[in-house]
Amino acid sequence: MTHFNAILLSSFGGPEGQDDVIPFLRNVTAGRGVPDDRLEEVAHHYRHFGGVSPINAQNRALKSALEAELAKRGIELPVYWGNRNWAPYFADTVAEAAANGHTRLLALVTSAYTSYSGVGQYREDFEKALAANDLSDRASIDRVREYFDHPGFVTPLIDGTRAAVQRLTDAGHEASAIRILFSTHSIPTAAAKASGPEFGDGGAYEAQHRAVAEVISRDAAPGIPWQLVYQSRSGDPRVPWLEPDINDVIADLHDEGGTTAVVVVPFGFVSDHMEVLWDLDNEAKASAEEAGFGFERVPTSGVHPAFVAGLVDLIEERLNDVPIEQRPHLTPLGPWPDHETVGSYLEVEAAAR
Ligand SMILES: CC1=C(CCC(=O)O)c2cc3nc(cc4[nH]c(cc5[nH]c(cc1n2)c(C)c5CCC(=O)O)c(CCC(=O)O)c4C)C(CCC(=O)O)=C3C
Ligand SMILES: [Fe+2]
């Protein structure tokens, strides 16, 4: 029996006003060689929305929804919220939790797939947050497994894709002239491979996305052609990142002929944050308009009731130590295994306190 005593909703963080934009971007890119002109460009995306990323409001809404679902199931675990790149920062959240006696945290990370950004970097951030509070040997942070193929994450995407295809066919598009573009964040090809070289050059990252796209396509839009595409590349242009880029694909589809509309499924993300609002609803949509295509963008899982319930299922499977072979998963790659605990928690010491 695992005695977690609080949930740590763990996310990326985002600026909440114009003055936050540059400090936020410095936090995100600290020491990782993203060129200044790329930062300027990204700052402009945030500036366009008043310097406010939607991501914090989305996490506040998710926190409330999780609290309600936990209460409904009679699970008495408080939910704390912390971020990597903006307040509330992990170190402060962990300090607050510890002050309340909550030192065995189970993290829910707003990242569904395996990559350095979604896994390793969070792990490092958790280690630093414990160390900053001198809690490394008195508190622990576990995290729920990658949930890319958990029904709670995938169901809202299936429903959304089906509805988007329906809207396009209602508007007169032939099903065979619709192309579904499953879109996720590009990452350096080396980082992709490192996410699980046993899965090939694209690593676990690409394999997981491909497997989920297959499930969504089979269920929501059988027979309609689809492609895995990438968005939001940054970094040094000389470094190879995963391709093809969504905008290039839309232009190529136009040149090839035979396509009249695209459905964009932002299945690499868990909420409609800036990468979705800018890179898809603005840029990819403009590419589609230029090509003369109909355009539908499917909502991310967000605070869809199935997603919220699925996240609480993921918490419960850890509370109850459900054996891996009994854990829900929709692709042959899952259920993804759990990760090692960050920090440590001495039961004996706790009992003595
Ligand atoms: C795999 C992945 C996810 C999904 C998994 C996860 O959630 O982790 C993700 C999510 C997000 N990425 C976000 C924002 C940014 N990502 C950047 C930069 C980068 N992302 C990368 C990868 C990922 N990113 C990488 C390899 C870089 C290059 C530099 C580096 O190694 O850091 C930059 C710097 C400027 C730029 O170059 O774009 C920004 C501003 C936001 C917040 C959006 C909002 O504010 O609403 C979210 C949820
Ligand atoms: Fe990013």
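Everything numeric in this text was worked out from a predicted model, so none of it was measured. All ligand and atom numbering here is 1-based and tracks the order in the structure.
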request  = Start with the C-alpha gap between Phe153 and Phe267, add the side-chain angles, then the distance that decides, and say whether ring-ring contact (aromatic ring centres under 6.0 Å, His included) holds.
outcome  = CA-CA 9 Å; Phe153 175 67; Phe267 76 141; 8.1 Å; no
For [atom], which protein heavy atom lies nearest, and how many Å away is it?
atom: atom 48 (C) of ligand 1; result: His273 NE2, 3.3 Å
atom: atom 11 (C) of ligand 1; result: Phe12 CE1, 3.6 Å
atom: atom 8 (O) of ligand 1; result: Ser117 OG, 2.8 Å
atom: atom 33 (C) of ligand 1; result: Val28 CG1, 3.4 Å
atom: atom 5 (C) of ligand 1; result: Ser111 OG, 3.2 Å
atom: atom 46 (O) of ligand 1; result: Ser53 OG, 2.6 Å
atom: atom 38 (O) of ligand 1; result: Arg38 NH2, 2.7 Å

Considering only heavy atoms of [X], which atoms of ligand 1 have at least one such atom less than 4.0 Å away?
X: Val34; result: 29 (C), 37 (O)
X: Thr29; result: 34 (C)
X: Ile187; result: 1 (C)
X: Ser234; result: 27 (C), 28 (C), 36 (C), 37 (O), 38 (O)
X: Leu25; result: 40 (C)
X: Val42; result: 35 (C), 36 (C), 38 (O), 40 (C)
X: Arg32; result: 30 (C), 31 (O), 32 (O)
X: Ile55; result: 46 (O), 48 (C)

Short N-O contact, [X] and [Y], less than 4.0 angstrom:
X: Asp219; Y: Arg162; result: yes
X: Arg60; Y: Glu16; result: yes
X: Arg145; Y: Glu317; result: yes

ask   = Is the Phe24 to Tyr46 ring centre distance short of 6.0 Å?
value = yes
Classify the ring geometry of [X] against [Y]: parallel below 30°, tilted from 30° to 60°, perpendicular beyond 60°.
X: His45; Y: Trp278; result: parallel
X: Phe148; Y: Tyr113; result: parallel
X: Tyr122; Y: Phe126; result: tilted

note = When every non-hydrogen atom of Pro15 is compared with those of Asn56, the smallest separation belongs to O-ND2, 4.4 Å
request  = Under 4.0 Å, heavy atoms only, figure out whether ligand 1 is touched by the backbone of Tyr46, its side chain, both or neither.
outcome  = side chain
message = For atom 21 (C) of ligand 1, tell me which residue out of Arg84, His185, Met274 has the closest non-hydrogen atom.
response = His185
request  = Pick whichever of Tyr116, Tyr205, Trp241, Tyr122 has a heavy atom sitting closest to atom 26 (C) of ligand 1.
outcome  = Trp241
Passing candidate, side-chain contact (heavy atoms from CB on, under 4.5 Å) with Phe269, options Ile55, Val276, Thr110 = Val276
ask   = Would the number of heavy atoms belonging to other residues, nucleotides or ligands and lying under 6.0 Å from CG of Asp36 be above 12?
value = no
ask   = For the hydrophobic clusters of this structure (ILVMFWY residues joined by side-chain heavy atoms under 4.5 Å, transitively), does one cluster hold both Tyr345 and Leu130?
value = no
ask   = Below 3.5 angstrom, do we get any N/O pair linking Ser186 and ligand 1?
value = no
